[in-house]
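Notes follow once the structure below has been shown.
Every chain is numbered from 1, with letters handed out A, B, ... down the list of sequences.
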Amino acid sequence: MPELPEVETIARNLATQLPGCQILAVEKLDWERMVETPSLPLFQSTLPGRCVQGVGRRAKWLLLLLDGGWTLALHLRMSGRVGVSGSNPSADRHTHLVLALDDGRRFLGFRDPRKFGRVRLLDAGGFTKLHTAYGPEPLSDQFRPADLAHILSTHHTRLKPLLLNQAVLAGLGNIYVDEALWLAGLHPLRCSTTLTFTEGSHLHAAIRSVLTAAIQRGGSTLRDYRDGYGERGHNQEYFSVYRRTGQPCPRCGTPIERIRVAQRGTHLCPVCQPAAPATHSPIHPSPPHSPHSH
DNA sequence: GGCATCCTGACC
DNA sequence: GGTCAGGATGCC
């Protein structure tokens, strides 16, 4: 599920509700593999009594900044959902972590039907490691077109897998890569080193535009995603290509195509995003048949 | 790079 | 029954 805009939306919601709250108890934890670090006993014993001092986000991690220098980091992966509620969500079979807050009348719940979600309780060192494991934040003022140009020129890779790589650039997932590449008019299989500086600048602008608009619309809800209040996002109503196979391109009317790139469903306009030029010097002459049969 | 794997649920 | 799904990792 959540990519940068969804996690950012949740973080902003929780930032209005959680700071100042105390974690009373770990009310429920029934999927132990969810906790990556530290050991379960330490996780269970460290949380009670901690106060939430702030809420943030790094890449697709939701960060609850606690007193004592601890950070509770939540990764929602595909189907995770995090929210505060006034009733205890422990009875729900898909809610695997519940923290009782304050006097026990409010609860922070982490629901995840697919059980891919992960939780880490980090000390200051772990917090630093988390930050350095990821590439730049695309919406940061520090992220300039030249920074993307440097990324593109130093990786000899197709655009989509490159942009999905969190260590290279933080926060993009399958939806927003497809949308950004369409907006920039770039084919997902283009090799990053073939882009001109102008194309790279367009991609830089497209990434920021797509993410900013999605945050303004509260994220994209396909199925599981809800914001920190349990509300759906509505950015999915504005998709240009994502899951719009066969529907007209908003720019030129050509039916949107779906291909598979890096094992991910990938959506594009074959006219606005011209096919990838050769990524290597052509050792072999052109193939005898056009790859397009129609 | 490709592929399997971690899981459950929805849809055909 | 098979296929697909917003993510990430590990193993050729």
Rounding to a whole Å, what distance do you find between [X]:[atom1] and [N]:[atom2]?
X: A/Leu74; N: C/dA8; atom1: CG; atom2: P; result: 14 Å
X: A/Leu163; N: C/dG6; atom1: CG; atom2: C1'; result: 16 Å
X: A/Gln263; N: C/dT9; atom1: CD; atom2: C1'; result: 13 Å
X: A/Asp112; N: C/dG6; atom1: CG; atom2: P; result: 15 Å
X: A/Glu3; N: C/dG7; atom1: CD; atom2: C1'; result: 9 Å
X: A/Leu222; N: B/dT8; atom1: CG; atom2: P; result: 21 Å
X: A/Leu76; N: C/dA8; atom1: CG; atom2: P; result: 11 Å
X: A/Arg81; N: B/dT8; atom1: CZ; atom2: P; result: 17 Å

- Counting only Watson-Crick or G-U wobble pairs whose two distances fall under 3.5 Å, which nucleotide matches C/dA8?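 Matched C/dA8 with B/dT5 under the 3.5 Å cut-off.
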
- Message: Would you say NE2 of A/His202 has more than 12 non-hydrogen atoms from neighbouring residues, nucleotides or ligands within 6.0 angstrom?
- Response: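 Count not over threshold, so no.
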
Can you tell me if [X] touches the phosphate of [N], counting only side-chain N or O atoms and a distance under 4.0 Å to OP1 or OP2?
X: A/Arg264; N: B/dG2; answer: no
X: A/Lys60; N: C/dA8; answer: yes
X: A/Arg33; N: B/dC7; answer: yes
X: A/His75; N: C/dG7; answer: no
X: A/Gln166; N: C/dA8; answer: yes
X: A/Tyr242; N: C/dG6; answer: yes

- Item | P atoms of B/dG9 and C/dA8, separation to the nearest Å |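 Roughly 22 Å separates the two P atoms.
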
- Query: Looking only at atom P, what distance separates C/dA5 and B/dG2, rounded to whole Å?
  - Reply: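 Result for the P pair: 16 Å, nearest Å.
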
Residue [X], side-chain atoms from C-beta onward, closest of [options]:
X: A/Arg77; options: B/dG2, C/dA8, C/dC4; result: C/dA8
X: A/Glu6; options: C/dG6, C/dA5, B/dT8; result: C/dG6
X: A/His94; options: B/dG9, B/dC7, C/dG7; result: B/dG9

- Query: Passes side-chain hydrogen bond (donor to acceptor under 3.5 Å, both in side chains), A/Thr194 versus A/Arg190? Steps please.
  - Reply: CA-CA 7 Å; A/Thr194 70; A/Arg190 274 282 292 278; 2.9 Å; yes

Over all strands shown, is [X] touching base, sugar-phosphate only, or nothing at heavy-atom distances under 4.0 angstrom?
X: A/Ser220; value: base
X: A/Arg223; value: base
X: A/Trp31; value: sugar-phosphate

- Hey, which of A/Arg264, A/Arg258, A/Arg244, A/His267 is the one that makes side chain to side chain donor-acceptor pair (under 3.5 Å) with A/Asp178?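 Single side chain to side chain donor-acceptor pair (under 3.5 Å) partner of A/Asp178 among A/Arg264, A/Arg258, A/Arg244, A/His267: A/His267.
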
- Query: Under the 3.5 angstrom rule, does the side chain of A/Glu179 hit a backbone N or O of A/Tyr242 as a donor-acceptor pair?
  - Reply: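 Yes, A/Glu179 side chain to A/Tyr242 backbone: donor-acceptor pair under 3.5 Å.
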
- Item | Test salt bridge (Lys or Arg N to Asp or Glu O under 4.0 Å) applied to A/Glu27 - qualifying residues, sequence neighbours left out |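 A/Glu27 satisfies salt bridge (Lys or Arg N to Asp or Glu O under 4.0 Å) with no other residue.
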
- Should the ring pair A/His96 and A/Trp31 be called parallel, tilted or perpendicular, given that the plane angle runs from 0 to 90° and is split at 30 and 60?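 Taking A/Trp31 first and then A/His96, their aromatic rings sit tilted (interplane angle of 30° to 60°).
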
- Message: Under the criterion of centre distance below 5.5 Å and interplanar angle below 30°, is A/Phe116 classified as stacked on the base of C/dG7?
- Response: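 It does: the ring sits over the base of C/dG7.
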
- Is there a donor on the side chain of A/Arg114 or the base of C/dA5 sitting less than 3.5 Å from an acceptor on the other?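 A donor-acceptor contact between them is present.
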
